[in-house]
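Just below is one structure, and these are the notes that go with it.
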Amino acid sequence: MARIVMKFGGTSMAGTERIRRVANIVRKQQAAGHEVAVVVSAMAGETDRLVNFCREANALYDPAEYDVVVASGEQVTSGLLALTLQSLGSKARSWLGWQLPVHTVEAHAKARIDAIDSDKLTASMAAGEIAVIPGFQGIGADGRITTLGRGGSDTSAVAVAAAVGADRCDIYTDVDGVYTTDPRIVAKARKLKAVTYEEMLELASVGAKVLQTRSVGLAMKEGVRLQVLSSFIGDDAIPADDLPGTMIVSEEEMNQLVENGDMERQLVTGIAHDKNEAKVILTRVPDKPGAVAHIFEPLAAASINVDMIIQNVGRDKGETDVTFTVPQADLARAQALLEDRRGEIGFNRIITDSKIAKISVVGVGMKSHAGVASTMFRALSDRGINIQAISTSEIKISVMIDEDETELAVRVLHTAYGLDAGDEA
């Protein structure tokens with residue numbers, strides 16, 4: 001018998017028929033003898049609808065009241081799933097964020113989970129009751145409802161799994177696992193049996209939308225084994241335990257899978273793309289100590305993430321150009337902040353471009369193999385794709401290219417690294 005936390009996203013909860021399908025998936029796990037807790041998202045599109053209500057009511061809305069409104073979406077689905085489970089003969093009840101409680105810290109609308117009081121929850125599960133928990137919400141130190149930011153239900157599920165000592169946390173979504181790249185772009189993309197926490201963190205941070213980045217970081221910190229799989233399977237389908245999706249595991253467990261012959265060691269695990277970046281160029285910045293700090297300090301203070309950074313070789317006049325990327329949604333704000341600091345920074349002009357994309361190659365195999373970067377650069381060069389910027393980490397290489405060439409670049413790299421289905425690893 002295992003203790004399992006199951007999480008269902010908005011598309012899985014979109015309407016009573018889909019909620020009934022979810023209830024049947026949950027009941028199968030309990031029928032197999034497992035203790036089960038379920039974390040649910042709001043119905044697809046519901047959070048956007050509630051956010052728009054807040055904006056219509058008050059454009060400068062109070063974040064605390066915003067949380068009261070948007071947290072209601074998950075409250076509805078948790079109650080409906082509990083009711084549906086009861087109608088099918090299962091013992092079930094909902095536990096709202098303040099009832100457990102899920103303690104959070106930091107600001108409203110982007111709170112972080114600090115701790116979960118899990119005693120009542122584990123007692124309920126041990127008694128054979130299915131616990132249904134709304135994701136995305138908690139309670140602040142002042143006793144008010146808080147929310148965790150977009151995609152926060154993934155984080156809620158991982159935090160619940162850590163609190164109750166779950167054997168596994170199953171994230172049910174509209175895809176049946178993690179693929180080598182987006183199957184909508186590359187038909188020969190392959191589903192991966194397992195991915196390390198590190199790889200999933202990098203993939204999530206550079207555009208893969210399967211899991212929220214913060215949830216993967218928490219799973220790695222707490223040692224929670226994650227599984228990504230689809231809720232859109234036939235009613236007579238094999239249970240998740242027998243037909244798994246993709247496991248997100250530690251590097252040690254991955255090495256064990258390879259040694260046992262359950263996995264092939266790949267040099268590159270996946271290719272991700274992100275079209276939500278924008279490029280900023282500041283021309284004729286003084287080439288002296290502290291100049292770059294004057295550029296990035298106001299952006300950091302405004303919580304604007306900067307990714308790729310290039311500083312050109314200084315000119316004869318003691319000037320240089322500085323290029324970097326920011327999220328597209330933050331471009332106007334970043335531009336305004338920099339214009340306000342023009343005198344302090346000393347640049348000549350700002351040039352921006354939102355028609356760019358970031359393509360990333362990710363894999364723990366890079367740690368011990370040379371030539372990954374040269375393969376990437378050669379493959380793109382052979383197809384006439386120009387690289388505008390490069391950034392790297394221990395297990396990732398990212399390049400900036402024209403947005404129009406995104407799909408071509410993904411296909412070219414997927415083939416170049418032997419990831420196409422049917423290729424030998």
Side-chain angles (χ1 to χ4, degrees), residues 4-29 36-51 70-82 84-85 94-97 102 113 130-138 147-161 166 168-179 182-184 191 195 200 203-204 207-219 224-234 237 240 243-248:
I4 298 173
V5 173
M6 308 168 73
K7 183 264 173 178
F8 292 89
T11 50
S12 304
M13 303 299 293
T16 51
E17 282 306 310
R18 289 189 177 180
I19 290 174
R20 186 168 293 273
R21 178 188 288 269
V22 165
N24 282 315
I25 294 171
V26 172
R27 289 175 74 239
K28 280 184 181 178
Q29 288 288 18
V36 180
V38 188
V39 175
V40 296
S41 296
M43 292 184 187
E46 181 63 10
T47 303
D48 287 336
R49 190 175 76 93
L50 296 170
V51 169
V70 297
S72 67
E74 280 74 13
Q75 180 168 324
V76 169
T77 48
S78 60
L80 288 175
L81 180 55
T84 306
L85 285 164
S94 60
W95 295 85
L96 302 186
V102 177
I113 294 175
I130 297 170
V132 185
I133 303 160
F136 179 59
Q137 65 172 243
T147 64
L148 310 181
R150 281 307 176 93
S153 292
D154 285 349
T155 304
S156 297
V158 173
V160 168
R168 194 178 73 232
C169 179
D170 288 344
I171 307 288
Y172 285 83
T173 180
D174 52 0
V175 294
D176 60 349
V178 180
Y179 280 75
D182 188 338
R184 292 168 297 184
K191 187 172 79 172
V195 177
M200 196 64 237
L203 286 167
K209 297 175 177 62
V210 179
L211 287 171
Q212 189 209 38
T213 308
R214 199 195 299 180
S215 70
V216 183
L218 181 61
V224 175
R225 298 173 78 246
L226 291 176
Q227 182 176 210
V228 179
L229 63 174
S230 176
S231 59
F232 296 97
I233 52 177
L243 185 65
T246 300
M247 292 299 303
I248 318 295

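Everything quoted here is computed from the prediction, not taken from an experiment. The residues of the chain are indexed from 1 along the displayed sequence.
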From CA spacing to verdict: side chain to side chain contact (heavy atoms under 4.5 Å, CB included), E74, T47: CA-CA 9 Å; E74 280 74 13; T47 303; 4.3 Å; yes
Chi angles and distances behind the side chain to side chain contact (heavy atoms under 4.5 Å, CB included) call for V178, I248: CA-CA 9 Å; V178 180; I248 318 295; 4.2 Å; yes
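For the pair V158/L226, a side-chain contact is recorded, criterion being any heavy-atom separation below 4.5 Å from C-beta on. In this structure, I19 and M43 have side chains that are in contact, with non-hydrogen atoms separated by less than 4.5 Å. In this structure, Y172 and V22 have side chains that are not in contact, with every pair of non-hydrogen atoms separated by 4.5 Å or more. Here the side chains of S41 and T77 are not in contact, with every heavy-atom distance at 4.5 Å or above. Between V36 and R27 the shortest side-chain heavy-atom distance does not fall below 4.5 Å.
R49 and E46 are joined by a salt bridge, as a carboxylate oxygen and a charged side-chain nitrogen come within less than 4.0 angstrom of each other.
To the nearest 0.5 Å, atom CG of residue D170 and atom CD1 of residue I4 are 6.0 Å apart. Going from atom OG1 of T155 over to atom CG of L148 covers 6.5 Å, rounded to the nearest 0.5 Å.
For the pair V5 and A161, the tightest heavy-atom approach, listed with the atom from each and the gap, is CG2-CA, 3.6 Å. For the residue pair S153 and V39, the shortest heavy atom distance occurs at O-CG1, 3.9 Å. Across all non-hydrogen atoms, the minimal contact from L81 to M13 is CB-CE, 4.2 Å.
The closest donor-acceptor contact from the side chain of S215 to the backbone of D154 lies at 3.5 Å or more, if one exists at all. Between the side chain of Q227 and the backbone N or O of T246, no donor-acceptor pair lies under 3.5 Å. Side chain of S156 to main chain of F136: a donor-acceptor pair is present (N/O by atom type, distance under 3.5 Å, no hydrogens or angles). No donor-acceptor pair under 3.5 Å is formed between the side chain of T84 and the backbone N or O of R20. Judged by distance alone, with hydrogens and angles left aside, the side-chain atoms of Q212 form a donor-acceptor pair with the main-chain N or O of R150 at under 3.5 Å.
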